[in-house]
Every structure is written in structure tokens, then in C-alpha cells.
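Here the structure comes first, spelled out in C-alpha cells, and everything after it is commentary.
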Amino acid sequence: MFVRRFHTSSVSFTKVVPNNLKGKKKSSQEWLTRQLNDPFVERAKMANYRCRSAFKLLEIDQKYNIIKPGFTVIDCGAAPGSWSQIAVKQSNADGAAPGKPKGTVIGVDLLQIYPIAHATTLGNTDFTRTESQDKIRSLLGEKRIDCVLSDMAPNATGVRSLDQENIITLCYSVLRFAILMSSPNASLLMKVWDNGEVPALEKNIQRYYQQVKRIKPRASRADSAENFVLARGFVGVER
């Protein structure tokens, strides 16, 4: 790779340009260049996080305090595992904070998840299937969930309307599970892509949570349609 240096009257910064782009598609070239110039990618390596998305959850949790010691956390779409890594630390599932309660973290994903210390991982598992959710319930026993996380997204088809419909379908699957399994005052964090269906999703979530808001952490790339819906203060449902 080679480096280009840019200067202005007040700012100097360096752009790294990869030299192994020959024969690669334009989209692959853009991805490689973006990765090499993404400060969160380097920070993730230094902190031993499995990917840069760790900083999205870290920023949200630092601001809204959604994961506390002793919490039971479900991480949907967990692979490669960076959110589960954060959840283990913040919930004290690793017991690193003596005197504080130890939490429980379960990560689930369609893809394989390499083991994460102090977390239970369910790789090659489709969260949306009833049997998968039954397995999570079995692992939890009598425990209720204090925080449901979802960084799930469907494989892109290239058809915008279909992709938007698919991610909303995933969100409703997570919401239904959270409604059935959450403890009072629990939180829910779900990834969405900006589209016309998100306001209706937020309105439905408001039926079950005291506060609902859409946020975009700094670690989310500016050119991405990615946002997160954060719901806090689960109030339950009338039975």
C-alpha cells in the first residue's frame, strides 16, 4: 500500500491507499480503502474486539447505561461476537468486578460464532425460528431478560424495498421475543435501515416501553443508512 498526505492551513491527515486492488471489483476496492482508513477498525484491533461494531454498543451503553452488572443479555445477530464481548464486560458476566453481581450473556447468529469467554454462543442458529427461541428459554431457565440487543440485518438482495421489508421483519421477531421474555424496565436495542416503515415500528414499540428513540452512534459510518432504535423502560403487556 502507499500513503497520500493531505494538508490544509489547520489540518493534516493521512490517507492509506491499498496497492493490492488489481483485478478486484470496484465495490471491493472501495471496501478495502475504507477499512484501511477507518480509525475504529484499528481501535478494535488494539482493544482485542472482534470487529469495529463494538464501539457502537460501547457509545450507546456509556450514554444510556442499558447494561449493568448482573444483567441477563441476549445478543441477536451476534457474529463475530464484538457486542457479546461488550455485554460480558458490562454485565460482569466475567466476574471481573468483585462484589458486583455476575450477569448472563447469550449470543445467537445464523453464522458460526467462535467461543466467547463467559458467554453462551448459539452459532448456526436462526433466531427467528421457534425452536431457536425455545432453546434460549431453556438456557435461561427462570431468568428474565434485562437487555435485548439486535445487530441483525438480512443479506442484501440489491432490491431496496425488499431489503427494507426484510430488516423490519427481523425487528418484529426480536420485539415479540423481548415482549415475552423481558423483565420490568428492560431495554431493547435494534438495528434498522432508514425507511418509511421505521416510524410505524417505533410506534408499536412505544406500546411496551416508556421511552423510544432513534440514534446513530459515531461509529456508524456517515454514508450508511444504518440507525438503531433504543427502547427503555419495559412496562410489560396486559394479560
Side-chain angles (χ1 to χ4, degrees), residues 50 53-54 57-58 60-61 64-153 169-191 204-205 207-212 228-239:
R50 295 189 177 183
S53 64
L57 180 57
L58 265 178
I60 293 169
D61 186 55
Y64 298 103
N65 199 24
I66 60 175
I67 306 175
K68 300 177 183 179
F71 272 22
T72 297
V73 182
I74 304 298
D75 181 12
C76 307
S82 61
W83 275 28
S84 290
Q85 287 180 295
I86 299 299
V88 164
K89 185 67 176 177
Q90 299 301 88
S91 70
N92 196 38
D94 57 359
K100 294 185 177 180
K102 292 180 66 174
T104 299
V105 176
I106 298 175
V108 56
D109 201 290
L110 267 174
L111 302 176
Q112 181 180 0
I113 310 173
Y114 290 100
I116 300 168
H118 309 289
T120 299
T121 55
L122 301 175
N124 302 310
T125 301
D126 184 351
F127 172 81
T128 64
R129 297 182 66 87
T130 301
E131 54 265 37
S132 300
Q133 296 183 15
D134 286 344
K135 187 171 184 178
I136 295 172
R137 291 187 182 96
S138 177
L139 289 170
L140 290 173
E142 298 299 317
K143 292 181 180 178
R144 307 298 287 182
I145 302 170
D146 302 295
C147 184
V148 177
L149 306 172
S150 175
D151 197 27
M152 287 197 299
T169 298
L170 289 176
C171 287
Y172 276 110
S173 178
V174 174
L175 175 60
R176 284 192 294 269
F177 181 78
I179 290 169
L180 293 172
M181 295 298 297
S182 290
S183 62
N185 294 314
S187 297
L188 168 65
L189 178 67
M190 297 190 294
K191 176 159 71 179
N204 282 320
I205 296 174
R207 298 167 56 191
Y208 308 102
Y209 292 82
Q210 295 175 9
Q211 301 173 9
V212 179
F228 293 88
V229 174
L230 173 62
R232 293 182 293 165
F234 179 66
V235 295
V237 293
E238 294 183 4
R239 297 186 181 275

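Note that the numbering runs from 1 along the sequence shown for the chain.
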Query - Qualifying residue for side chain to side chain contact (heavy atoms under 4.5 Å, CB included) with Cys147, from Val105, Val73, Thr72 - result: Val73
Report task. Of all the heavy-atom pairs spanning Ile116 and Ser84, show the shortest one and how long it is. Result -> CD1-CB, 3.6 Å
Query raised in the report: What heavy-atom pair brings Cys171 and Lys191 nearest, and what distance separates the two atoms?
Result: SG-O, 3.4 Å
Query raised in the report: Any side-chain heavy atom of Phe71 within less than 4.5 Å of one from Ile66?
Result: no
Query - Heavy-atom side-chain proximity of Leu110 to Asn124 below 4.5 angstrom - result: no
Query raised in the report: From Ser150 OG over to Ile74 CD1, what is the distance, rounded to the nearest 0.5 angstrom?
Result: 12.0 Å
Query raised in the report: When rounded to the nearest 0.5 angstrom, what is the spacing between SG in Cys76 and CG in Leu170?
Result: 10.0 Å
Query raised in the report: Roughly how far, to the nearest 0.5 Å, is the OG atom of Ser187 from the CD atom of Gln211?
Result: 9.0 Å
Query raised in the report: Between Ile86 and Asp61, does a side chain to side chain contact (heavy atoms under 4.5 Å, CB included) hold up when you go through it step by step?
Result: CA-CA 9 Å; Ile86 299 299; Asp61 186 55; 5.6 Å; no
Query raised in the report: Between atom CZ of Arg129 and atom NZ of Lys135, what is the distance when rounded to the nearest 0.5 Å?
Result: 13.0 Å
Query raised in the report: With distance as the sole test, does Asn92 use its side chain to make a donor-acceptor pair with the main-chain N or O of Pro69 at under 3.5 Å?
Result: no
Report task. Name all pairs fulfilling the ring-ring contact (aromatic ring centres under 6.0 Å, His included) condition that reach into residues 76-104, sequence neighbours left out, sorted by first residue then second. Result -> Trp83-Phe228
Requested in this report: List the steps and the verdict of side-chain hydrogen bond (donor to acceptor under 3.5 Å, both in side chains) for Ser173 and Thr128.
Outcome: CA-CA 6 Å; Ser173 178; Thr128 64; 5.3 Å; no
Query raised in the report: Which heavy atom of Asp109 sits nearest a heavy atom of Ala79, and at what distance?
Result: OD2-N, 3.0 Å
Query raised in the report: Of all heavy-atom pairs between Met152 and Val174, which one has the smallest distance, and what is that distance?
Result: CE-CG2, 3.4 Å
Query - Contact summary for Gly107 and Ala78, nearest pair of heavy atoms - result: CA-CB, 3.8 Å
Query raised in the report: Quick one: CD1 on Ile145 to NZ on Lys143, what's the gap to the nearest 0.5 Å?
Result: 11.0 Å
Query raised in the report: With a 4.5 Å heavy-atom cut-off, do Met190 and Ile205 have their side chains touching?
Result: yes
Query - Interatomic distance, Phe234 atom CZ to Met181 atom CE [nearest 0.5 angstrom] - result: 10.5 Å
Query raised in the report: Ser132 side chain to Asp126 main-chain N or O, any donor-acceptor pair under 3.5 Å?
Result: yes
Query raised in the report: Going through the checks in order, is the side chain to side chain contact (heavy atoms under 4.5 Å, CB included) test met by Leu188 and Tyr209?
Result: CA-CA 9 Å; Leu188 168 65; Tyr209 292 82; 3.7 Å; yes
Query raised in the report: Which is it for Val148 and Leu189 under the side chain to side chain contact (heavy atoms under 4.5 Å, CB included) test, yes or no, and what are the steps along the way?
Result: CA-CA 6 Å; Val148 177; Leu189 178 67; over 6 Å; no
Query raised in the report: Under a 4.0 Å N-O cut-off, is there an ion pair linking Arg137 with Asp134?
Result: yes
**Report entry** Any donor-acceptor pair under 3.5 Å from Ser138 side chain to Ile136 backbone
**Finding:** no
Query raised in the report: Which heavy-atom pair separates Ser183 from Asp146 by the least distance, and what is that distance?
Result: OG-OD1, 2.8 Å
Requested in this report: Could you note down all residue pairs passing salt bridge (Lys or Arg N to Asp or Glu O under 4.0 Å) where residues 69-96 supplies at least one of them, sequence neighbours left out?
Outcome: none
